Number of protein chains: 2
Amino acid sequence: METKEKPLTSVMEDYLEAIYDLDKEQKAVRVRDIARKMDVRMPSVTSMLRSLKERELVYYEKYEYVELTERGEDIGREMRRRHGIIREFLTEILKIDYKTADEDACRIEHTLSPQTVNSLTDFMNFIQKCPLGEERMKYFEEYQKRIRKEAEEDM
Amino acid sequence: METKEKPLTSVMEDYLEAIYDLDKEQKAVRVRDIARKMDVRMPSVTSMLRSLKERELVYYEKYEYVELTERGEDIGREMRRRHGIIREFLTEILKIDYKTADEDACRIEHTLSPQTVNSLTDFMNFIQKCPLGEERMKYFEEYQKRIRKEAEEDM
DNA sequence: AGTCTTTGTTAGTTTAGTCTAACATTATTA
DNA sequence: TAATAATGTTAGACTAAACTAACAAAGACT
């Protein structure tokens, strides 16, 4: 009989992704870094780390550096992958600016079904191999520019 | 000097969309209906209706039917629009099944930037006018089927 | 070693949204 | 019209995640 694990919240996933990223960027990950990256105060991080530790997603002792467990790293890596795919779709296909695309990706990466993420992955791979075509994309971009002009007036 | 309004939460947006839908489906909208549609208990609805009333998004008196104010209706309509566009994209382009697409749409409709929603709208309009082409889509669908077979084994 | 700064923790509060249990109102129908 | 069923509300508890204020530990600098 398995222990019934509560599902992760999307905030937890965010923290795992942040820690995963920081771990790639630097040698050691501290509370401070996580707080900065997540744009929260340090006590929020401390308390989240306690939850993540309980779920065996991070190694963490008071005043020590933070590390992901294998499970934690798997989740962090998966979130990063999703994030990348979504952002790529938004910038490459929908022509959204990088910053906006990145923020959008960050918000929706948790909530898309695995099916959709997979399908989006396939789509992006497919497009890579079999591009939409120069004239077509140019046409779309012009079409968009026209539409956007109008939209600006509504704001 | 304007009163600084707190932004709506995505849950509030969900309620407004639900009420908007119900209003189109039937003559009168009751707490019961909203609870069923949102899959929550009635007290949750009552308390949300108080918040929405405070923000002047619904007309609501104890034991009475619920109606959207003009502002509330605008928001409900906009959420419905977004929802439809996203679902359409997911079913038409990514070939996600209706139910999953609808659930995904419901979750991300709140968090996408206006830019992305606009761009997606443009994209869908564009595809309408200038379809991806029969052979291309067929190719993609087959490509997907292959990939999905593999994915199932991972689950 | 002693002080100051940076980093981290604890304790306690807040907010949004949910829930249950108990009560109240409205509607139905015998 | 009185009893019952359906609907709605109130009160109060819970949870996740954030915050501030105050304290504690570690590190750096003289």
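The model shown is predicted, which means the values in this text are computed figures rather than measured ones. Protein chains get the first letters and strands the later ones, always in sequence-line order, with residue 1 at the start of each.
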Examine [N]: is either OP1 or OP2 under 4.0 Å from a nitrogen or oxygen in the side chain of [X]? Give yes or no.
| X | N | answer |
| --- | --- | --- |
| Thr9(B) | dA16(C) | no |
| Arg41(B) | dA21(C) | no |
| Ser44(A) | dC19(D) | yes |
| Thr46(B) | dT9(D) | yes |
| Tyr60(B) | dT9(D) | yes |
| Tyr15(A) | dA18(D) | yes |

Provide, to the nearest angstrom, the distance between the [atom1] atom belonging to [X] and the [atom2] atom belonging to [N].
| X | N | atom1 | atom2 | result |
| --- | --- | --- | --- | --- |
| Arg30(A) | dG27(D) | CZ | C1' | 11 Å |
| Leu49(A) | dA17(D) | CG | P | 13 Å |
| Asp14(B) | dG17(C) | CG | C1' | 12 Å |
| Met48(A) | dA16(D) | CE | P | 10 Å |
| Glu64(A) | dT7(C) | CD | P | 16 Å |
| Met42(B) | dC19(C) | CE | P | 12 Å |
| Lys62(A) | dC23(D) | NZ | P | 16 Å |
| Asp39(A) | dA17(D) | CG | P | 17 Å |

5' precedence on DNA chain D between Tyr65(A) and Ser51(A) (nearest-nucleotide basis): Ser51(A)
Donor-acceptor pair between Ser119(B) and Asp122(B) side chains, under 3.5 angstrom: no
Minimum-distance nucleotide to Pro43(A) side chain [options: dC19(D), dT9(D), dG8(C)]: dC19(D)
Options dA25(D), dT10(D), dA18(D), nucleotide nearest the side-chain atoms of Tyr63(A): dA25(D)
Sugar-phosphate only, base, or nothing, as touched by Met12(B) at under 4.0 Å among non-hydrogen atoms: sugar-phosphate
Touch class at under 4.0 angstrom, heavy-atom based, for Arg36(A) against every strand present: nothing
Arg87(B) and Tyr98(B): CA distance, side-chain angles, deciding distance, side chain to side chain donor-acceptor pair (under 3.5 Å) verdict: CA-CA 8 Å; Arg87(B) 192 188 50 222; Tyr98(B) 186 91; 3.2 Å; yes
Shared hydrophobic cluster for Leu49(A) and Tyr59(A) (ILVMFWY, side-chain gaps under 4.5 Å): no
Spacing of CD1 belonging to Ile34(B) relative to NZ belonging to Lys37(B), to within rounding of 0.5 Å: 10.5 Å
Shortest non-hydrogen contact from Gln115(A) toward Asp97(B): NE2-OD1, 3.8 Å
First of Val11(B) and Val45(A) reached from the 5' end of DNA chain C, by closest nucleotide: Val45(A)
